[in-house]
Number of protein chains: 2
Amino acid sequence: MNLTDSINRPTLHEELVERLRNLVVEDVLKPGEKVPEKQLCDSLGVSRTPLREALKVLASEGFVVLQANRGARVASVTREELENTFPVLAALEQLAGELACQQMDVAEIQRIESSHKDMLSAYEARDRQAYFKANQDIHQALIKGARNDILENHHKLLAARVRRARFLANLSDERWAQAIDEHETMMELLKARDADGLGKAMKLHMMNKLSALVKALKPEVTPR
Amino acid sequence: MNLTDSINRPTLHEELVERLRNLVVEDVLKPGEKVPEKQLCDSLGVSRTPLREALKVLASEGFVVLQANRGARVASVTREELENTFPVLAALEQLAGELACQQMDVAEIQRIESSHKDMLSAYEARDRQAYFKANQDIHQALIKGARNDILENHHKLLAARVRRARFLANLSDERWAQAIDEHETMMELLKARDADGLGKAMKLHMMNKLSALVKALKPEVTPR
DNA sequence: AAAGTTAATTATGAATTCATTATTCAGTCA
DNA sequence: TGACTGAATAATGAATTCATAATTAACTTT
């Protein structure tokens with residue numbers, strides 16, 4: 001793409017950004033919890049400098065909140081935040097759907113169809129773990145298929161935010177069935193290379209996910 | 001919104017992020033140029049630690065590129081990057097337009113109309129400086145009007161990226177006139193609170209801006 | 001003199017140190 | 001007993017130091 005980002009060997013703080021972000025997304029570090037610098041340094045075997053650099057980056061990504069002289073806390077997942085995040089994510093997925101229809105080659109679409117079938121099997125077996133995996137593979141592949149780095153980056157951050165919400169509410173049987181339906185539709189539209197249709201379907205899919213999530217949440221979920 | 005980000009006094013590295021990002025966006029630090037840590041530390045009167053923290057953040061935002069053991073370079077503005085950025089930005093503006101129609105109050109719309117008139121005056125006077133200012137105010141206000149922090153944050157970063165491109169090509173008379181027309185349309189749709197219409201108009205506005213930009217660029221613009 | 005090699009210099013990544021700000025806890029007074 | 005004050009402790013932000021990698025300069029060798 002450009003001459004300035006050719007090599008880019010992974011540096012210590014980059015590794016830390018990834019690992020810490022995972023700890024937050026995977027709910028190992030709980031929302032509202034203080035991020036104990038010293039403790040983390042010990043357990044990760046690094047000094048405070050790279051760890052703190054990583055925290056600044058995570059703060060700019062919205063996964064932690066920094067308070068001057070009071071360190072970092074894991075950002076909370078609020079209903080309001082979700083209601084803000086999903087529409088943005090939906091807009092990006094809509095764009096991804098449109099572009100993917102135009103850009104993906106046949107082999108890629110077949111690979112998605114394979115993931116789609118894995119997803120259906122997982123649904124039949126009511127295997128949540130496998131379902132989430134296949135589901136994520138599909139969305140990831142569609143994003144990749146859009147051939148747009150900027151889109152991919154921004155999507156990655158928003159998707160990670162939203163993924164944290166799965167610890168707040170369970171996937172209802174009703175929503176699960178609906179999601180499967182929506183995926184069937186998306187698959188058809190992709191194979192037909194209906195760019196506009198797939199975009200709209202993916203947007204709708206996201207917004208329905210939000211509705212289900214909000215419904216499943218207690219009246220007010222605002223963990224510290 | 002949540003309890004964890006109540007006070008947030010500005011910290012040194014935050015200031016630096018803002019200032020350095022401005023230096024990049026305002027083309028003081030040129031694309032491809034090395035970012036001289038020591039020099040900047042001296043002229044800004046800070047030590048390397050907060051400056052380097054800021055650079056990590058800017059790297060994650062895409063304004064600089066880090067190479068292990070070789071420091072930071074200002075990210076270049078390539079045609080490809082612009083062609084990737086604009087569609088994403090367009091999608092966000094579309095969403096903003098839709099939400100703004102629903103969320104803005106009458107006083108806000110009037111204030112936008114005032115900026116709109118400023119913009120028209122600037123156009124009549126062919127005052128590029130004033131035009132850019134008014135134009136940016138309008139877009140900014142529409143984003144604010146959407147009442148969505150996530151949208152605002154992501155838009156801010158993408159808009160800053162795109163703003164750098166104004167040093168690559170001049171605004172043609174033809175495009176300028178077209179942009180004014182598009183803004184007239186947008187203003188009408190906003191006043192009519194036509195959410196769908198405004199969204200589409202803003203998306204189109206962005207994509208036309210890209211077209212004009214690409215046309216004005218030399219066949220291949222890939223500054224080092 | 002030109003190309004290649006090695007030594008000196010510089011710049012960078014990361015650890016450590018230092019100064020300052022929060023926090024905790026003991027002691028005081030109502 | 002319970003709220004307030006202030007000292008002791010801990011944690012944080014930022015500067016400094018240290019080790020290493022990259023760059024530059026000097027020196028061969030032909």
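Please read all numbers here as calculations on a predicted model, not as lab measurements. In what follows, chains are A, B, ... by sequence order, proteins preceding strands, each numbered from 1.
By the 6.0 Å contact criterion, CZ on Arg163(A) is enclosed, its count of non-hydrogen atoms from other residues, nucleotides or ligands being greater than 12.
Closest contact between the side chain of Pro50(A) and the listed nucleotides dA15(C), dA15(D), dA22(C) involves dA15(C). When distances run from any side-chain atom of Arg70(A) to the nucleotides dT23(C), dT21(C), dT12(D), the shortest one goes to dT23(C).
As a whole-Å value, the separation of Gln67(B) CD from dA11(C) C1' is 14 Å. Look at NE2 on His13(A): it is 9 Å from P on dA14(C), rounded to the nearest Å. As rounded to whole Å, 15 Å separates atom P of dA22(D) from atom CD of Glu37(B). Atom NZ in Lys38(B) sits about 14 Å away from atom P in dT9(C), given to the nearest Å. Here dA14(C) presents its P atom at 8 Å from CG of Asn69(B), a figure rounded to the nearest Å. Between the C1' atom of dT21(C) and the CG atom of Leu66(A) lies a distance of 16 Å, rounded to the nearest Å. Computed from coordinates, the Leu12(B) CG to dT20(C) C1' distance equals 14 Å when rounded to whole Å. Between the C1' atom of dA14(D) and the CD atom of Glu15(B) lies a distance of 14 Å, rounded to the nearest Å.
Distances shorter than 4.0 Å separate some side-chain N or O of Lys34(B) from OP1 or OP2 on dT12(C).
Taking Ser211(B) as the reference, nothing meets the side chain to side chain contact (heavy atoms under 4.5 Å, CB included) condition, with sequence neighbours excluded. With sequence neighbours left out, Leu204(B) forms a side chain to side chain contact (heavy atoms under 4.5 Å, CB included) with Asn208(B).
Sorted by first and then second residue, the salt bridge (charged side-chain N to carboxylate O under 4.0 Å, His left out) pairs with a member in residues 128-139 of chain B read Lys133(B)-Asp137(B); sequence neighbours excluded. Legend: salt bridge (charged side-chain N to carboxylate O under 4.0 Å, His left out) pairs involving residues 103-114 of chain B, not counting sequence neighbours, sorted by first then second residue: Glu108(B)-Arg147(B), Glu113(B)-Lys191(B).
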Indicate every side-chain donor-acceptor pair of residues 92-104 of chain B with a distance under 3.5 Å to a residue at least two apart or in another chain.
from     : atom 1 : to        : atom 2 : distance (Å)
Glu93(B) : OE1    : His139(B) : ND1    : 3.0
Glu93(B) : OE2    : His139(B) : ND1    : 3.4
Glu93(B) : OE2    : His155(B) : NE2    : 2.7

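Note on Glu53(B): nothing from the nucleic acid sits closer than 4.0 angstrom, heavy atoms only.
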For nucleotides 16-20 of chain D, list the nitrogen or oxygen atoms of the protein found under 3.5 Å from its nitrogen or oxygen atoms, one pair per line.
from    : atom 1 : to       : atom 2 : distance (Å)
dT16(D) : O4     : Thr49(B) : OG1    : 3.2

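Using modelled atom types, no side-chain atom of Asp27(A) and backbone atom of Lys30(A) make a donor-acceptor pair closer than 3.5 Å.
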